[in-house]
Protein chains: 2
Amino acid sequence: MSTEEEAGTASPARRMRADAVRTRKALLKAAAEVFAEHGTEGSVAQIATRAGIGKGTVFRHFPTKEDLLAAIIGEVIDGLVAEGRRQAEQTDADAALLQFMSAGVDLYVSNRAFVEALRTVPDLRHPEIQAGWEQLIATAESLARRARRDGSLRADMNGQDVMLLICGVYYTAVPLLAADPSAWRRYLHLTFDGMRATGTQPLPPALFQGPLLPTVR
Amino acid sequence: MSTEEEAGTASPARRMRADAVRTRKALLKAAAEVFAEHGTEGSVAQIATRAGIGKGTVFRHFPTKEDLLAAIIGEVIDGLVAEGRRQAEQTDADAALLQFMSAGVDLYVSNRAFVEALRTVPDLRHPEIQAGWEQLIATAESLARRARRDGSLRADMNGQDVMLLICGVYYTAVPLLAADPSAWRRYLHLTFDGMRATGTQPLPPALFQGPLLPTVR
DNA sequence: ACCTGAACACCGTTCAAGT
DNA sequence: ACCTGAACACCGTTCAAGT
């Protein structure tokens, strides 16, 4: 978590004054905490107070609240991508895919802002988030490909499906999570059964193979 | 749609002055439109303007914005319950369940406020919504029971699962809906395959059989 | 009894004034 | 170069004043 390179998160311009570097670090830490706890609705004032800085300073570092959110979410995405790559080295392709999806749903449960941000991927036009999302799809696709080859995943499932389904499983369980934070497991297993189903009708086609957002349409 | 009994929506106290009845009707109409278009975030000012009344008047009829939302959502729920009962009369139990779920997802797609409200069912402590939700579960359960009996639905699926999965399917497809409003069909079919899966591991247990919110825990 | 709009405490955002 | 807090246009909500 904190073993990454420090300070340079999303590399702001070049060469900052020492005090600004400190301020920025405190800001990012506070924002990460507030967003994880309160979701996207956590207020800028709340973040500023927790970081011990003025409200105006937040907007000096990030032009909008959304930009700040994107910086935080970018890091969370990186973490999930890393998890996917770790799973890709496992021998059992089926288990690797399931464990990747479990990690994803679990992350959603523990970080409200993460799902809220990803759900609005088409709206949030942040290159960092778009790039992160495509990395996630690529990672998921590599896991899916292996599982397809050894027959544990149906032929018409791709990486984008995997990512979208992680989100769907989370939302399926949302109303139950307050009472039981692991209620999502039931629906992940159900979904996974659907993903391996054989001898059924072929699914209606997937929309996009590559990037989530086409320029046309 | 407008063939229902007029004016009495959620029966306010007793005997209103004629002008108040007119105001209330305009308010409910405006609120239904604004919420469907803009989701929960549609503003009270927007609704008041569209209804041609003052902002304060909104709060005279409904103590909070949430109460107004609940009145609107209550009606939408009734519509879906009716659809479920219609499907229950169909001979093919499997098709009835699938068509009920299709109608549900489709409703979510066309009415943003509806999903947003249902997702927060545990938070929204409105008896009307709670009651409506339980009616939905009961309706879904009657469809599920028939499908379970004739073997087209796995034995460990219940009505609550059905309702939660409708929501999940919607959210799975959310990022694609702007580009293709029927993208959810792919995931509904996948989910449905999971729901009929046989010869697989039993699912982790369901949390609650009856009402969604236990008093304990 | 019913409606209204000004007033309040919030929100994200801007910016002149300070160091 | 960097930070700050007052000021702005919003938000949901309250309430004294009008009919």
Side-chain angles (χ1 to χ4, degrees), chain A residues 7-9 11-31 34-35 37-73 113 116-117 120 123-126, chain B residues 7 9 11-31 34-35 37-72 113 116-117 120 123-126:
Chain A
T9 312
S11 56
R14 308 200 185 179
R15 197 134 323 200
M16 291 169 61
R17 236 166 58 180
D19 56 347
V21 174
R22 247 178 293 121
T23 302
R24 192 187 183 85
K25 238 171 97 174
L27 168 55
L28 285 169
K29 181 163 177 284
V34 169
F35 282 139
E37 272 174 50
H38 301 96
T40 321
E41 279 165 15
S43 81
V44 172
Q46 213 176 341
I47 292 170
T49 306
R50 170 129 29 162
I53 63 180
K55 244 173 37 160
T57 310
V58 174
F59 291 94
R60 172 154 237 283
H61 286 266
F62 298 92
T64 69
K65 184 187 178 184
E66 209 182 88
D67 291 313
L68 174 56
L69 179 66
I72 301 297
I73 296 306
E116 290 174 23
T120 59
D123 304 327
L124 278 197
R125 298 219 150 270
H126 280 270
Chain B
T9 311
S11 56
R14 309 201 186 179
R15 197 129 331 196
M16 291 168 64
R17 238 166 57 179
D19 57 345
V21 173
R22 248 178 294 123
T23 301
R24 193 188 183 83
K25 236 171 100 176
L27 167 56
L28 286 169
K29 181 163 176 285
V34 169
F35 283 140
E37 272 175 49
H38 301 96
T40 321
E41 279 165 13
S43 79
V44 172
Q46 214 175 340
I47 293 170
T49 306
R50 169 126 34 160
I53 61 180
K55 244 170 43 157
T57 311
V58 174
F59 292 95
R60 172 152 237 281
H61 286 265
F62 298 93
T64 70
K65 184 188 178 182
E66 208 181 89
D67 291 312
L68 173 56
L69 178 66
I72 301 296
E116 291 174 21
T120 58
D123 304 327
L124 279 198
R125 297 219 150 271
H126 279 269

Would you say NZ of B/K29 has more than 12 non-hydrogen atoms from neighbouring residues, nucleotides or ligands within 6.0 angstrom?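 No, because the 6.0 Å sphere around NZ of B/K29 holds 12 heavy atoms or fewer from other groups.
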Those residues at least two apart in sequence (or on a different chain) that pass side chain to side chain donor-acceptor pair (under 3.5 Å) with A/K55 are none
### Task
Tell me whether the OP1 or OP2 atom of C/dC3 has a side-chain N or O from B/T23 closer than 4.0 Å.
yes
When you check the phosphate oxygens OP1 and OP2 of D/dC3, does a side-chain N or O of A/H61 lie under 4.0 Å from one of them?
->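 Result: yes.
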The side-chain contact (heavy atoms from CB on, under 4.5 Å) partners of A/A26 (sequence neighbours excluded) come to A/A51
- Who passes side-chain contact (heavy atoms from CB on, under 4.5 Å) against A/T64, sequence neighbours left out?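 Partners of A/T64 by the side-chain contact (heavy atoms from CB on, under 4.5 Å) criterion, ordered by chain and then number, come out as A/E66, A/D67.
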5'-most contact on DNA chain C (nearest-nucleotide basis), A/T40 vs B/A18, goes to B/A18
Nearest whole Å is fine: how far is [N] [atom2] from [X] [atom1]?
X     : N      : atom1 : atom2 : value
A/I53 : D/dA1  : CD1   : P     : 20 Å
A/F59 : C/dG12 : CZ    : C1'   : 5 Å
A/F62 : D/dC3  : CZ    : P     : 12 Å
A/K65 : C/dT13 : NZ    : P     : 8 Å

Output field dot_bracket for DNA chain C (Watson-Crick or G-U, both distances under 3.5 Å, | for other-strand pairs) contains ||.|||||...|||||.||
hbond_proxy A/K55 side chain to D/dT4 base (donor-acceptor, 3.5 Å cutoff)
no
Handout entry: For B/F35 against B/T40, the heavy-atom pair lying closest together
Key =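 Shortest heavy-atom contact: CE2-O, 4.0 Å.
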What residues 44-52 of chain B contributes to the DNA chain D interface at heavy-atom separation below 4.0 Å is B/V44
Using a cut-off of under 3.5 Å, enumerate the N/O to N/O pairs linking the protein to nucleotides 17-19 of chain C.
none

